[in-house]
There are 2 protein chains.
Amino acid sequence: MNKVTLNDVSRAAGVSRSTASLVLRGSSRIPEATSDRVRLAMAELGYVYNRHAANMRRSQSMTLGLIVTDIRNPYFAGLTMTIEEAAHEAGYTLLVGYSRDDVERQALQLETMVQQQVDGIFLLPAEGTELAPVCQIVDRSSVPVLQLARYFSEEMDYVGPDNILAGQRLARHVSSLGAASAVLIGGPEYSSARTERIKGLETGFAGSSVAFDASLSAATTTNNAAGGSEGVARVLDQGIWPDCIIAYSDAVALGIYAELRRRNLEPGRDVSVASFDDIAMAELLLPPLTSVATYPELIARKAAEMLLNRIRDSSLDPQRSLIEPALKIRASTAQWRPRT
Amino acid sequence: MNKVTLNDVSRAAGVSRSTASLVLRGSSRIPEATSDRVRLAMAELGYVYNRHAANMRRSQSMTLGLIVTDIRNPYFAGLTMTIEEAAHEAGYTLLVGYSRDDVERQALQLETMVQQQVDGIFLLPAEGTELAPVCQIVDRSSVPVLQLARYFSEEMDYVGPDNILAGQRLARHVSSLGAASAVLIGGPEYSSARTERIKGLETGFAGSSVAFDASLSAATTTNNAAGGSEGVARVLDQGIWPDCIIAYSDAVALGIYAELRRRNLEPGRDVSVASFDDIAMAELLLPPLTSVATYPELIARKAAEMLLNRIRDSSLDPQRSLIEPALKIRASTAQWRPRT
DNA sequence: CTGTTAGCGCATTCAC
DNA sequence: GTGAATGCGCTAACAG
């Protein structure tokens, strides 16, 4: 069975090519009997609709691109899966690329997607992404790009968590514990999410008795467990022993737990630990991890809606949408008591 | 800048279309000066190579499809990321679909990929996948399908872990601990991986003093933490308290740890726990989790190589490749002592 | 070495 | 209601 075309189908069914085409698109102007005959012929011949040909003709591809950094972080995995779901529901197919937080890989992937004529791109930008290089690739085909979870430009759509609010809510909780000091550990240095979370923490701690020095939090690392271990080691090796360690993300927190134990410090007892994201794992850890939920599924849904809108109407102003976070208090902070 | 074609470029550069086309493909038969002129024109006009048009003409799309069940399991995430990497290195773009272990979603995604003219498909089959429905979709375009990590047919290529060996190695370790009984918990009922792991465990335990009854292991569940909690609850509620709980996967094990603790049983002390996959998290848990590494990156690399070979030469016999597993012994079993 | 030509499979327009 | 003709942007084959 090779290359059965609409042509073959229409001939077999004894109708014209354009009739067969209309049947495909479910036109109501075709008599039942005719369209049944066509459908039968398609089934018998093993006809496969060739989207490339259709897309070329209609000059849209019904595909969307998604570039994320690393899906081994379940937070990004959840984001990715929901975007795929939303795209499929809207009739789009998804092309993916994993940048591994590398701007050059990301550029290659953007270029590929543009050549593949994607109708829109979800971009969870790699660390250090700048507007100019992205535009250079993307503007040639004027394909809309939506910034996901991190942003680097005000001129493009953005959907992400309300990181400032997330930081504030966490800060208020930590200060209510009676902690005297806190640091933030981990996360990519040049990411809007990290900057915003620090800002939220700073404003949330302002006026409280918690000493939070963002410069002490200069332990920027890769956004995974290895980064967490490394970051906490760096801080403790400076002789700093804060009452509360705030992880950039749950993935980072996992490494923080491990490194603390290597040093015979028990999280939740010797030091309180809190984090962002609230992936499923957070509450399964021992001790269960206090985390600010940032709802990747909601972000993904909103992002899909926004990008599809943009595709329909490119004249809109750039949109921003922030998803409200929720603090999940668990034993890693709740159990902890101030040293006396 | 809208729709700059090779035509426009060649006109601007003062060469013929075929010359411009040859420049694109890096032909050495074009004089430097000419090709520079062409490249300049492309840059100035903002030309974008249209792969759809090229693919249509050459009747191959340079895209591959990947269908996996759920990437929130880091094991599948690793598999997915490496496949993307290998595909990109070979010049292919990747279309993805997440079946969520649902055969109907999977069928839809297969259909979409076939219509998108993918050149090959990596399929990590959903539970209950059967050959006939898959072939019905896929054979119309005779696109090759490679079975990834689970299989449902001997007539298609397959790459996965050597699950039988993995089970045997784990069984031997567990019996060396002096355990008197073991059960397997979790995992999708109709998956080759589960069946094979049980077979490996059975043969590995044969002749030892460990009582392992696969029918006791009928606690099949979804392949995630919720499944682990549910499965272990089901077993314990029957009054069974084995010396060793073997999780279908690390993702499942996480839920087993949590449920044991809810019942005031400490993993690694009151009961030994072991698992398969050895995702990064396994050694970061407390206690660190004994697991049989199954190397998703190696599987993915091998799978990419095999599928690309198949695309080049569809006449080969179906291939099977098993990746050798390695037992990682950690405290969740090593720490445990038999009850006296 | 360059230029011209004819499709790839579909959607769409216009006569009929 | 149906059928023929045109072109999306590219590749490949062939003539100059």
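In the text below, chain A, chain B and the rest are named by the order of the sequence lines, each starting its count at 1.
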| query | How close or far is atom C1' of C:dC10 from atom CG of A:Asp8, stated in whole angstroms? | reply | 13 Å
| query | With A:Arg39, which residues qualify under salt bridge (Lys or Arg N to Asp or Glu O under 4.0 Å), at least two apart? | reply | none
| request: In whole angstrom, give the distance that lies between atom CD of B:Gln116 and atom P of C:dG9. | output: 16 Å
| request: Describe, as an angle rounded to 10 degrees, how the axis at the first end of the helix from C:dC1-D:dG16 to C:dC16-D:dG1 is tilted relative to the axis at the last end, five pairs per end. | output: 50°
| request: Specify the residue among B:Met56 and B:Thr19 whose closest nucleotide of DNA chain C lies further upstream toward the 5′ end. | output: B:Thr19
| Residues forming a salt bridge (Lys or Arg N to Asp or Glu O under 4.0 Å) with A:Arg51, sequence neighbours excluded | none
| said: Could you work out, with side chain to side chain contact (heavy atoms under 4.5 Å, CB included) as the rule, every residue matching B:Ala41, not counting sequence neighbours? | reply: B:Val9, B:Ala12, B:Ala13
For nucleotides 11-14 of chain C, give me every protein contact, N/O to N/O, under 3.5 Å, one pair per line with atom names.
| from | atom 1 | to | atom 2 | distance (Å) |
| --- | --- | --- | --- | --- |
| C:dA11 | OP1 | A:Tyr49 | OH | 2.7 |
| C:dA11 | OP2 | A:Ser21 | OG | 2.9 |
| C:dA11 | N3 | A:Arg57 | NH1 | 2.2 |

| task | With sequence neighbours excluded, tell me which residues meet side-chain hydrogen bond (donor to acceptor under 3.5 Å, both in side chains) with B:Thr222. | result | B:Asn224
| request: Return each pair, listed once, that meets ring-ring contact (aromatic ring centres under 6.0 Å, His included) where at least one residue sits in residues 106-151 of chain B; pairs must be two or more places apart or across chains. | output: B:Tyr151-B:Tyr158
| query | By salt bridge (Lys or Arg N to Asp or Glu O under 4.0 Å), which residues pair with B:Glu189, not counting sequence neighbours? | reply | none
| field | Any pair counted as side-chain hydrogen bond (donor to acceptor under 3.5 Å, both in side chains), so long as it reaches residues 121-138 of chain A, sequence neighbours left out | value | A:Gln106-A:Thr129
| remark: salt bridge (Lys or Arg N to Asp or Glu O under 4.0 Å) filter on A:Asp119, not counting sequence neighbours, yields none
| field | Within 6.0 angstrom of A:Tyr49 OH, more than 12 heavy atoms from elsewhere | value | yes
| request: Considering only heavy atoms of chain A and a distance under 4.0 Å, specify the first and last nucleotide of DNA chain D in 5' to 3' order that meet this criterion. | output: D:dG1 to D:dG9
| query | Under the side chain to side chain contact (heavy atoms under 4.5 Å, CB included) test, which residues partner A:Ala107, sequence neighbours left out? | reply | A:Ile137
